[in-house]
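Sequence lines set the chain letters: A, B, ... in the order given, protein chains first and strands last, and positions in each chain run from 1.
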There are 2 protein chains.
Amino acid sequence: MAGYGQFCPVAKAMELLDERWTMLVIRELLCGSRHFNDLRRGVPRMSPSLLSARLRTLARAGVVERHEDGKQVTYLLSPAGEQLRPIVEALGQWGLTWMPELGDEDYDPHLLMWDLHRNVDLGAVPPGRTVIRFSFDDVRAEDRHWWVVITAEGADLCSFDPGHPVTATVETDLRTLTRIWRGQLSWPQSQRSGELQVHGPTHVARNLPRWFHKQSILPPETAASYAG
Amino acid sequence: MAGYGQFCPVAKAMELLDERWTMLVIRELLCGSRHFNDLRRGVPRMSPSLLSARLRTLARAGVVERHEDGKQVTYLLSPAGEQLRPIVEALGQWGLTWMPELGDEDYDPHLLMWDLHRNVDLGAVPPGRTVIRFSFDDVRAEDRHWWVVITAEGADLCSFDPGHPVTATVETDLRTLTRIWRGQLSWPQSQRSGELQVHGPTHVARNLPRWFHKQSILPPETAASYAG
DNA sequence: CAGTATCCATTTCGATACTG
DNA sequence: CAGTATCGAAATGGATACTG
């Protein structure tokens, strides 16, 4: 894609940032994804070659730093990339306010659970192992059940029964949990209406909403402690 | 172009905003352009059909309002569009800081003079008619000379001699004035180095930098008073 | 002034398969 | 794990001319 041929700094910024997927890759990096396959999970509809191309472009532009530590490849935002954080947050806030409608395509249990599990507030969850099963009654069998396994080390996401005893079960539909997660609906509200039910010990049912709490976009230090 | 298939508000915002040219059209509207051909002057490399398509998309999304007053068609930002102002400003600041390099393609006397003339601080210019001629010694003859005619009513831009007596002449090269205008170089600095010369009465030479002063992005009321 | 219409070159992207 | 390779379909948009 050609540039805009304008000296305007907005134009120069958008030459880089308005390419398809680019802002979402940056969002993933802001959320703490550091490795190629982590990033892929955040943008699963993006082909790996395109993700690779975008990362190269961002690195060339000085927004992303690519580090090779032996076999391990790590992508980090440079200071320039880090300074996009308030912009990405503002775009998210704007999107939530002014483009609140979702299409059928936008509901995705993989993406939802991936985002939920990486926003577990480890400090809020009781010590020991906690296993929460999520079940979506309106999703095809294959993607219906999810397990979030929380220990002091972090939170893991499974799409199959990991075998540990389940602490509590959340039964709902994909739209409801998505709307809660986007901040358009509250947990208690949806529990009262019956759209979402938590089965398990009372204290768990009461506190669970606090365990999954979307930080707007996690600062990198915080995100690092979640790496799993 | 298909959407992203993500519930993330950033993704929903970018589905609209990351299409090529879209942010520049919004920038133009933020600067106070209200009519099709005004907008074209701000994005001259965009084909009219594409501009038309983008305006339609933005109107459908509720970011732009299209008003027909008789034959006159006016485009205005809706509240949703207006709330993009801080984002566009932040993108400009980010672009200036982190993508400061310009390519040869980015230097454009038309665009520069168009932007300069619409940022004249009418209150700072002495009463009566003031005519400033700008001459770029490194631009092909056709686009070398520009006249900015300032009266109480507003500032007009001519690419031909309008015939009025010239109050002062600015001689420089396109790169220098572009860099000044982007805030990467100061007027006095470039005058000292000789890259820019103002020929005319001393008080004019001294004050002229204050007459052209880029407001980051003009609020609409202010912009309206410049419409001409 | 405010756009439409047309048309094709180019780009871009998605899908899929494959590799060290 | 971290990508590359390939390929074709789709769409994107640039150029130009034209209209009420």
Is [X] close enough to [N] that one of its side-chain N or O atoms is under 4.0 Å from OP1 or OP2 there?
X: A:R20; N: C:dG14; answer: yes
X: A:H35; N: D:dA2; answer: yes
X: A:Y75; N: D:dC1; answer: no
X: B:W21; N: D:dG14; answer: yes
X: B:R41; N: C:dA2; answer: no
X: B:Q72; N: C:dA2; answer: yes
X: A:R56; N: D:dT4; answer: yes
X: A:R66; N: D:dG3; answer: yes

Please report the distance, rounded to the nearest Å, between [atom1] in [X] and [atom2] in [N].
X: B:L50; N: C:dC8; atom1: CG; atom2: P; value: 19 Å
X: B:R40; N: C:dT4; atom1: CZ; atom2: P; value: 12 Å
X: A:L39; N: D:dC1; atom1: CG; atom2: P; value: 12 Å
X: A:E19; N: D:dA11; atom1: CD; atom2: P; value: 19 Å
X: A:N37; N: D:dT4; atom1: CG; atom2: P; value: 12 Å
X: A:R45; N: C:dA15; atom1: CZ; atom2: C1'; value: 13 Å
X: A:D18; N: C:dC13; atom1: CG; atom2: P; value: 10 Å
X: A:L51; N: D:dC1; atom1: CG; atom2: P; value: 14 Å

Practice task
Could you tell me whether A:H213 atom NE2 has more than 12 heavy atoms of other residues or ligands within 6.0 Å of it?
Solution key: no
Handout entry: More than 12 heavy atoms of other groups within 6.0 Å of A:Q72 CD
Key = yes
Fill in the blank from the handout: A:F7 and A:K12 have their tightest heavy-atom pair at O-CG, 4.3 Å
Which nucleotide in the list [options] gets nearest to the side chain of [X]?
X: A:S49; options: D:dA2, C:dC13, D:dT6; result: D:dT6
X: A:S52; options: D:dG3, D:dC1, D:dA17; result: D:dG3
X: A:P48; options: D:dG3, D:dA2, C:dA2; result: D:dG3

Handout entry: Residue whose nearest DNA chain C nucleotide is more 5′ - B:F36 or A:R54
Key = B:F36
Handout entry: A:R175 to A:Y107, cation-pi by 6.0 Å centre distance and 45° axis angle
Key = yes
Exercise for the section: Just name whichever nucleotide pairs with D:dG20, Watson-Crick or G-U, keeping both distances under 3.5 Å, else none. Expected result: C:dC1
Practice task
Please determine, by modelled atom types, if A:Q83 and B:W94 share a side-chain donor-acceptor pair under 3.5 angstrom.
Solution key: no
Completion exercise
Paired with A:F134, the ring-ring contact (aromatic ring centres under 6.0 Å, His included) test is passed by just one of A:W114, A:F212, A:W146, namely A:F212
